[in-house]
Amino acid sequence: MSAVTAKEDRKRSDRSSRINIKIDGCDSVTVRVKRSIKMKDLMKAYTDRRSVGIDTFEFLLDGHRIQGQQTPDELEMKDGDEIDAMVHGHGGSAIW
Amino acid sequence: MSKVSHHFDDLSQLGAIDWTSVIKDLILFGLIEIAECLRSEKPVQAKRYDKSGECYSPYVKGAVAYQFKRKFYGTKNMCAIYAQMRTELEEVKKRLVIAENLLNLLLKQEDIANKENDKGEEGDDGEEVEGLWEEEPRTEKKREVVYINEHGGSIIRSHVHDLLINQMIVDDIIDDGQEFLINNWREHPERYHKCLISSIMIVGMCITSPSPFHELASTAGSQIFEENSDKEKKEFRFLFTIINLDNAYWHLVVVDMEKKVLMHLNSIKCNAKYKASARKWQKIINPMFHIFCDKKEVMKRDMVETDECPSQPSGSLDCSLCYLKYMNFLARKDMLDH
């Protein structure tokens, strides 16, 4: 009996340790990740899928830059939170 | 062998440079003058304001901006302003020497990197595997981070290059320039007004996002007013925003809380596209002030479009740096309290 409950507990904790994150860039993708994953891995997966370098996008959570070493736990992310993938802006002169 | 050690000497010299101060100097103090000198490889042609025998180039901080300012805010003690400009000009001259040395060092280093690349390719014939493995550290060297700002944006060495040799400017550099400005203003409250600056990234996000305006207003506002107490929210004079358009051009929107105007500044002749994006930002900041500052008056006023501000030289890509100068100039108390 105790073994079963322990298993269920583990399942439950496992479930709560994973969250859905929506990445909103040129197209929006929802991924399910562990809370302890480093954001660097997530960024790399996102950029690799689009065949671009990892520093092409700047990832923002509520307008704040996300550092590669941070984890969803450190960022206090909740299930269903959105990350914005912004392309760096360049500019200098008018192009008509 | 002796050559290699010579290269390493140069590299260590580069490492000793205080990048923060270099970038700060480049962005805020006479960058345009420095860049012009380096690009043209001869002194900038001096013009105007030579009553006391000293000349000022048209791009020296505020010299031309003064005319634009007079139009908006009237005149005050010109002599005091020119005296200040004179000291600033001397600082610029000092920094010009630093920048020239820096550019030489950077160019030298690029030569070294190229030579190393050539050597590596030659070596590939004999030792294929080693040649392949050697490539990685080389790319890392190019991407060497020289400065990380408060918001986590990083400047790499190639950005400094861009600054020096007339390239388009990345948002990270503008972010840093704004950070330097804000810190400078805070250090000298007797000389500058209290001002707020919205981060480039959050503005870019709001302008491109299709979400409703009130949602964007709350995200933008929470970030802009994050570090400010209620008292500061009531006291600030200006809110500066630099907006990107089509990844090609920056333009500046200024909210003046005292005069209750919203100005749209362009360093080149305005076009309908810029106006459209400035108006979108206007629609976002109106509810933002309503939520965070309880200042409804700003929203009643229409936007003032102006081409009166000094324009950037043709062929240059310095628009964002021009805006940093406008911002610094507008924030000065000696010009405004008339």
Side-chain angles (χ1 to χ4, degrees), chain A residues 20-31 37-44 46-48 50-96, chain B residues 143 148-154 156 162 166-175 198-209 211 218-224 226 242-251 266-271 273-274 312-322:
Chain A
N20 291 307
I21 297 175
K22 192 181 173 193
I23 305 178
D24 221 350
C26 35
D27 48 351
S28 64
V29 188
T30 311
V31 286
I37 192 179
K38 281 196 174 154
M39 297 307 284
K40 202 173 154 189
D41 300 341
L42 193 65
M43 293 172 192
K44 196 162 188 310
Y46 184 82
T47 48
D48 277 357
R50 280 152 194 77
S51 315
V52 290
I54 192 162
D55 41 329
T56 312
F57 294 105
E58 192 72 51
F59 294 88
L60 305 175
L61 178 66
D62 297 333
H64 294 277
R65 280 169 219 254
I66 297 172
Q67 300 301 311
Q69 296 304 315
Q70 287 173 313
T71 62
D73 251 345
E74 286 170 19
L75 294 163
E76 295 173 0
M77 290 177 79
K78 282 169 261 162
D79 193 48
D81 268 359
E82 267 186 46
I83 290 177
D84 294 285
M86 295 282 303
V87 185
H88 279 289
H90 283 69
S93 185
I95 295 168
W96 307 95
Chain B
R143 273 202 44 78
I148 297 175
N149 68 12
E150 279 175 7
H151 311 292
S154 51
I156 55 179
D162 290 351
N166 199 16
Q167 292 291 321
M168 283 202 179
I169 284 156
V170 196
D171 45 12
D172 282 336
I173 290 192
I174 302 173
D175 251 356
S198 35
S199 144
I200 296 271
M201 277 290 174
I202 191 92
V203 177
M205 204 178 79
C206 291
I207 292 287
T208 51
S209 168
S211 312
S218 63
T219 33
S222 62
Q223 224 243 5
I224 292 167
E226 191 185 27
I242 294 183
I243 304 171
N244 194 335
L245 184 83
D246 289 350
N247 226 353
Y249 182 65
W250 304 95
H251 52 127
N266 248 301
S267 64
I268 23 178
K269 284 280 175 212
C270 207
N271 131 351
K273 263 185 175 178
Y274 307 136
Q312 67 191 87
S314 62
S316 87
L317 299 173
D318 288 334
C319 66
S320 48
L321 304 159
C322 288

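Quick caveat: nothing in here was measured; it's all calculated off a predicted structure. Order of the sequence lines sets the chain letters (A, B, ...), proteins ahead of strands, with each chain counted from 1.
- Taking CE of B:Met201 as the start and CE of A:Met86 as the end, the distance is 6.0 Å to the nearest 0.5 Å.
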- Query: Please walk me through it: do A:Leu60 and B:Gln223 pass side-chain contact (heavy atoms from CB on, under 4.5 Å)?
  - Reply: CA-CA 12 Å; A:Leu60 305 175; B:Gln223 224 243 5; over 6 Å; no
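- Here the side chains of B:Asp172 and A:His88 are in contact, with some heavy-atom distance below 4.5 Å.
- Summarising the geometry, atom NE2 belonging to A:His64 is positioned 9.0 Å from atom OG belonging to B:Ser199; distances are rounded to the nearest 0.5 Å.
- Note: B:Ile200 CD1 to A:Glu58 CD = 12.5 Å, rounded to the nearest 0.5 Å.
- The side-chain contact (heavy atoms from CB on, under 4.5 Å) with B:Met205 is formed by just one residue from the set A:Asp84, A:Asp62, A:Asp24; it is A:Asp84.
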